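Before any comments, here is the structure.
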Amino acid sequence: MLAATWNVNSIKARLDHVKNWIGTNRPEVLMMQELKGESFPADDFSALGYNNAFVAQKAYNGVATLSPHPIEIITDRLPGGDSDEQARYLETRIQGVRLINIYLPNGNPVDSDKFTYKLAWMDRLIARITELRRQADPFIIAGDFNVIPEDRDCYDPVVWANDALFRMETRRRFRTLINLGLTDAFRVFNQEASQYSFWDYQAGAWPRNLGIRIDHFLCSPTLADRLESCHIDKEPRALEKASDHTPVLANFSG
DNA sequence: ATGGCTTTATGCTAAAGA
């Protein structure tokens with residue numbers, strides 16, 4: 001099963017890029033983040049042979065999962081936040097695999113309630129995954145985590161030291177997820193530094209390769225055993241009017 | 001980055017992103 005995650009930074013602005021990418025790669029699962037609007041172009045993806053599930057809101061956030069296979073929606077809210085209206089979580093089942101598509105809050109600036117919200121959101125995610133780990137059900141969490149896991153995942157750890165994506169409170173919670181028995185799929189196959197999934201639009205970050213790795217696949221143990229490859233596809237980042245993120249792909253046997 | 005770009009919204013500028 002070929003699965004992919006891609007923060008598209010507006011599905012409306014990126015529709016042609018996404019359609020072309022699907023046509024070239026034909027993933028069995030595509031999890032997208034930052035739809036940035038209430039409407040979703042379901043017909044465009046139906047025409048390519050893809051079913052969809054999505055959760056969206058006006059202007060911000062929004063996640064969608066596409067597949068040529070039937071999609072069972074388990075929940076479109078991260079449990080534990082009754083007053084949380086933000087469209088950042090979509091849990092589905094496709095081909096017997098639970099696919100958890102997330103757009104984890106950015107959290108900047110760190111002296112604001114946005115950082116508090118981010119950390120609380122991560123605590124809720126940890127609680128949800130703790131519950132799922134009590135079951136045998138195989139699952140994948142994929143999406144824009146807004147977490148730089150380690151020094152080697154950014155171009156300059158000093159620059160990022162006090163950023164919400166790299167603060168110790170954030171990284172510690174990411175490690176807690178890993179320590180529940182999950183596998184960072186990308187690092188199974190690639191131990192090199194400077195392997196990025198995001199480059200800022202500003203200051204020539206892309207041509208200078210000043211990026212960060214914040215889009216991740218975390219796999220439960222039985223799916224980690226089935227991992228055949230995981231890589232970052234940098235090609236879409238080089239296009240005109242590109243998203244600032246680029247797709248990450250993971251392939252599983254069976 | 002104390003913000004150099006991009007997107008949304010119903011706009012003549014602000015907010016958010018990372």
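Model, not experiment: these values are computed from the prediction. Computed over heavy atoms, backbone and side chain alike; hydrogens, waters and symmetry mates excluded.
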With sequence neighbours excluded, give me every salt bridge (charged side-chain N to carboxylate O under 4.0 Å, His left out) pair touching [range].
range                       : value
residues 116-132 of chain A : A/Asp84-A/Arg124, A/Glu91-A/Arg128, A/Asp123-A/Arg173, A/Glu131-A/Arg134
residues 23-43 of chain A   : none
residues 187-207 of chain A : A/Asp153-A/Arg187
residues 223-240 of chain A : none

Can you check the distance between [N] and [M], where both ends of the measurement are the [atom1] atom (answer in whole Å)?
N      : M      : atom1 : result
B/dA16 : B/dT10 : P     : 15 Å
B/dA14 : B/dG4  : P     : 14 Å
B/dA15 : B/dG3  : C1'   : 14 Å
B/dC12 : B/dA18 : P     : 26 Å

message = What range of DNA chain B does chain A touch, first nucleotide to last, counting atoms under 4.0 Å from its heavy atoms?
response = B/dA1 to B/dA18

Sugar-phosphate only, base, or nothing, as touched by [X] at under 4.0 Å among non-hydrogen atoms:
X        : answer
A/Ala59  : sugar-phosphate
A/Lys114 : sugar-phosphate
A/Asp144 : sugar-phosphate
A/Asn7   : sugar-phosphate
A/Tyr103 : sugar-phosphate
A/Asp163 : nothing

query = Is any side-chain heavy atom of A/Phe115 closer than 4.5 Å to a side-chain heavy atom of A/Asn108?
reply = no

key: Minimum side-chain heavy-atom gap A/Thr5-A/Asp144 below 4.5 Å   = no

Indicate yes or no for a side-chain donor-acceptor contact from [X] to the backbone of [Y] under 3.5 Å, with no hydrogens or angles considered.
X        : Y        : answer
A/Ser197 : A/Asp215 : yes
A/Arg93  : A/Glu72  : no
A/Tyr201 : A/Ala242 : yes

ask   = Near DNA chain B, under 4.0 Å by heavy atom, which residues of residues 232-249 of chain A?
value =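 Residues of residues 232-249 of chain A under 4.0 Å from DNA chain B: A/Lys241, A/His245.
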
Of A/Lys58 and A/Arg88, the one whose closest DNA chain B nucleotide lies more 5' = A/Lys58

5′-ward residue of the pair A/Ile11/A/Phe198 relative to DNA chain B = A/Ile11

